[in-house]
Amino acid sequence: MALKIYNSYTRQKEEFVSITPGLAGMYVCGPTVSGESHLGHARPYITFDLLYRYLTHLGYKVRYVRNITDAGHFEEEGREAEDKVSKKALLEKLEPMELVQKYTNLYHWAMKQFNCVDPTIEPTATGHIVEQIGMIEKIIEAGYAYEVNGSVYFDVKKYAAGHDYGKLSGRVIDDLLETTRELEGQEEKRDRADFALWKSAAPEHIMRWKSPWGEGFPGWHIECSAMATKYLGPQFDIHGGGMDLLFPHHESEIAQSTICNHESPVRYWMHNNMITINGKKMGKSYNNVIKLTEMFSGDHPLLTQAFSPMTVRFFILQSHYRSPLDFSSSSLEASEKALKRLWEAHGILQKMNITEGIEAADAELESKTIKLINEFDEFMDDDLSTAKVLANMFELAPVINSMKDGLIAMNALSSNTMVMMQRYFRVYLEDIFGLKDEQNNNDGKLNEVMNLLIDMRKQAKARKDFATSDKIRNQLAAIGINLKDEKGGEMSWAME
RNA sequence: GGUCCUGUGGCCGAGUGGCUAGGCUCAGCUCUGCAAAAGCUGCUACAGCGGUUCGAAUCCGCUCGGGACCUCCA
């Protein structure tokens with residue numbers, strides 16, 4: 001089996017073949033650090049973290065570039081240029097870079113909470129002004145851009161004449177040229193479909209750089225092209241981002257890079273679908289965002305409780321990344337319970353001592369188990385079908401739990417299968433899905449205290465002193481620790 | 001208005017034409033001093049109407065509903 005991924009460019013699943021065997025280059029559109037990340041942002045970061053982890057698991061050495069957009073852009077092309085970052089900075093009375101730093105830190109914190117692996121390179125737009133200017137100059141030299149009043153625009157019409165502008169996003173160039181939408185201040189551009197490579201900065205702009213065309217700031221799309229080219233080369237394997245970036249952002253990236261580097265920049269375009277609330281995309285424009293800090297604290301009118309980062313991560317993994325995913329507090333609650341059950345089964349499985357050389361006593365269960373486990377790889381190779389892998393795990397969880405409770409004999413499955421199941425659960429849940437234990441019970445002293453309490457409760461139960469045994473259990477429950485009686489008189493515990 | 005996507009059981013969600021994903025909820029049962037946890041059982045759905053086919057949730061057409069992009073957006 002080989003990994004197949006859905007390529008937005010060709011609109012079909014394709015076998016992934018990297019340009020250089022053994023190496024993979026991927027670029028993911030990172031955040032604009034002019035505000036706090038919300039739940040919607042979590043999806044691409046977790047989706048492409050999953051991809052990065054899986055490619056690594058498959059043996060690729062991956063260069064994972066995820067940018068930070070810290071240079072502000074005009075709010076809306078054609079209207080009065082207004083730098084997002086500097087606008088907010090005025091409101092908050094902060095230096096632009098102070099604001100950028102604040103939200104960058106917050107973003108990094110959120111990524112850590114989600115257990116996302118750091119990208120191998122995390123370039124900033126402001127750190128690559130020189131490269132962006134260089135690229136713009138090349139485009140002008142090639143005759144595909146023109147300068148007006150200190151701003152530079154990409155000539156879409158000319159590009160479209162010889163290239164397939166619009167292929168990625170399914171746009172028809174004539175429609176773009178004939179937009180019914182009425183936009184003001186288009187007079188600088190030769191054509192309304194043209195987009196800015198460089199914008200002249202109005203005097204009040206705080207963020208500004210010198211360029212051959214005067215002081216200004218880079219256009220929205222050029223940073224990704226410049227940084228991707230610099231770190232991944234003129235053509236690289238995978239470019240990821242949210243579906244809402246298909247047009248115009250990624251379409252424009254292709255155009256710019258193609259003119260500069262004389263080849264299409266990306267082999268596989270991957271796009272995650274949106275997270276919605278009541279069917280509507282979560283986004284700034286809709287005023288329906290739930291910030292990640294609010295998710296984790298529960299401090300939001302739409303939330304009935306706080307949801308941990310791993311619950312959110314699991315929630316996202318339970319659906320396919322190209323399907324829309326509708327948020328509601330109750331579906332998060334369902335994910336929380338499901339994850340808890342699965343994670344406990346995982347813990348039980350890992351603690352099992354496997355006796356070597358056991359032959360399977362239950363041939364039917366043995367073959368079913370092997371099939372379910374083998375499908376993990378198959379499903380992941382099929383465009384990262386995490387939901388199906390999890391479904392198989394949930395089919396195996398009762399088997400694991402039943403073995404622990406003695407409802408299924410320990411020798412029902414062969415040693416080889418047990419070892420394989422242990423390995424696959426660990427590799428998939430922890431290494432590939434990036435889930436981790438959120439209970440802070442690593443404290444050895446807490447464990448010893450709990451062992452003491454369990455011992456006391458066992459003794460109380462043995463002499464039928466239920467008042468004492470219930471007191472221990474109930475008071476622990478009150479502080480969020482659940483004691484569970486097990487078959488055979490043993491007890492285990494778990495934090496809420 | 002243009003382009004594209006989508007409509008699955010109480011809820012969330014997988015679904016490559018035939019073998020009825022999975023999770024959560026709910027009901028019953030088992031285990032248990034009680035509870036929790038765990039296990040077992042039950043709940044057979046694919047917006048509507050046509051068509052193709054031996055056979056369609058899956059393909060085609062129409063109708064209705066929802067959404068995305070076309071403007072900053074993950």
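The chains referred to below are lettered A, B, ... by the order of the sequence lines, with proteins before strands, and numbering in each begins at 1.
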Within the 4.0 Å heavy-atom criterion, would you say [X] contacts the bases, only the backbone, or no part of the nucleic acid?
{"X": "A:K280", "result": "sugar-phosphate"}
{"X": "A:E333", "result": "nothing"}
{"X": "A:L407", "result": "sugar-phosphate"}
{"X": "A:S285", "result": "base"}
{"X": "A:N272", "result": "base"}

For this session: Give the dot-bracket string for RNA chain B, reading 5' to 3', where a pair is Watson-Crick or G-U wobble with both distances under 3.5 Å, ( ) marks pairs inside the strand, [ ] marks pairs crossing earlier ones, | marks a partner on another strand, and . marks unpaired.
Result: (((((((..(((.....[...))).(((((.......)))))....(((((..]....))))))))))))....
In whole Å, measure the gap between the [atom1] atoms of [N] and [M] for me.
{"N": "B:A45", "M": "B:G39", "atom1": "C1'", "result": "26 Å"}
{"N": "B:G22", "M": "B:U3", "atom1": "C1'", "result": "35 Å"}
{"N": "B:G13", "M": "B:U25", "atom1": "C1'", "result": "14 Å"}
{"N": "B:A21", "M": "B:U16", "atom1": "P", "result": "13 Å"}
{"N": "B:G48", "M": "B:A57", "atom1": "P", "result": "11 Å"}
{"N": "B:C5", "M": "B:G17", "atom1": "C1'", "result": "22 Å"}
{"N": "B:G55", "M": "B:G65", "atom1": "P", "result": "32 Å"}
{"N": "B:U6", "M": "B:G10", "atom1": "P", "result": "24 Å"}

Tell me whether the OP1 or OP2 atom of [N] has a side-chain N or O from [X] closer than 4.0 Å.
{"X": "A:Y286", "N": "B:U71", "answer": "no"}
{"X": "A:R341", "N": "B:C24", "answer": "yes"}
{"X": "A:R457", "N": "B:G33", "answer": "no"}
{"X": "A:K340", "N": "B:G23", "answer": "no"}
{"X": "A:K461", "N": "B:U32", "answer": "no"}
{"X": "A:N401", "N": "B:G39", "answer": "yes"}
{"X": "A:K284", "N": "B:A74", "answer": "yes"}
{"X": "A:S323", "N": "B:A14", "answer": "yes"}

Within the modelled atom types, does a donor on one side and an acceptor on the other bring the side chain of [X] and the base of [N] under 3.5 Å apart?
{"X": "A:S330", "N": "B:C11", "answer": "no"}
{"X": "A:N392", "N": "B:G22", "answer": "no"}
{"X": "A:N474", "N": "B:A35", "answer": "no"}
{"X": "A:R473", "N": "B:C34", "answer": "yes"}

Problem set entry | A:D70 and A:T126: side chain donor to acceptor below 3.5 Å | yes
For this session: Could you verify whether a donor N or O on one side chain and an acceptor N or O on the other, from A:E336 and A:S308, lie under 3.5 Å apart?
Result: no
Verify the ring-centre separation between [Y] and [X]: is it less than 6.0 angstrom?
{"X": "A:Y153", "Y": "A:F195", "value": "no"}
{"X": "A:H250", "Y": "A:H221", "value": "no"}
{"X": "A:F296", "Y": "A:F114", "value": "yes"}
{"X": "A:Y45", "Y": "A:Y107", "value": "yes"}

For this session: State which of B:G23, B:C34, B:A74 makes the closest approach to the side chain of A:Q318.
Result: B:G23
Please report, rounded to the nearest Å, how far the [atom2] atom of [N] is from the [atom1] atom of [X].
{"X": "A:E344", "N": "B:A37", "atom1": "CD", "atom2": "P", "value": "10 Å"}
{"X": "A:L168", "N": "B:C69", "atom1": "CG", "atom2": "P", "value": "15 Å"}
{"X": "A:D326", "N": "B:C12", "atom1": "CG", "atom2": "P", "value": "7 Å"}
{"X": "A:L396", "N": "B:G23", "atom1": "CG", "atom2": "P", "value": "11 Å"}

Exercise. Under the criteria of a ring-centre distance below 5.5 Å and an interplanar angle below 30°, is A:F466 stacked with the base of B:G33?
Worked result: yes
Exercise. Ion pair present between A:K461 and A:D485, side-chain N to carboxylate O less than 4.0 angstrom?
Worked result: yes
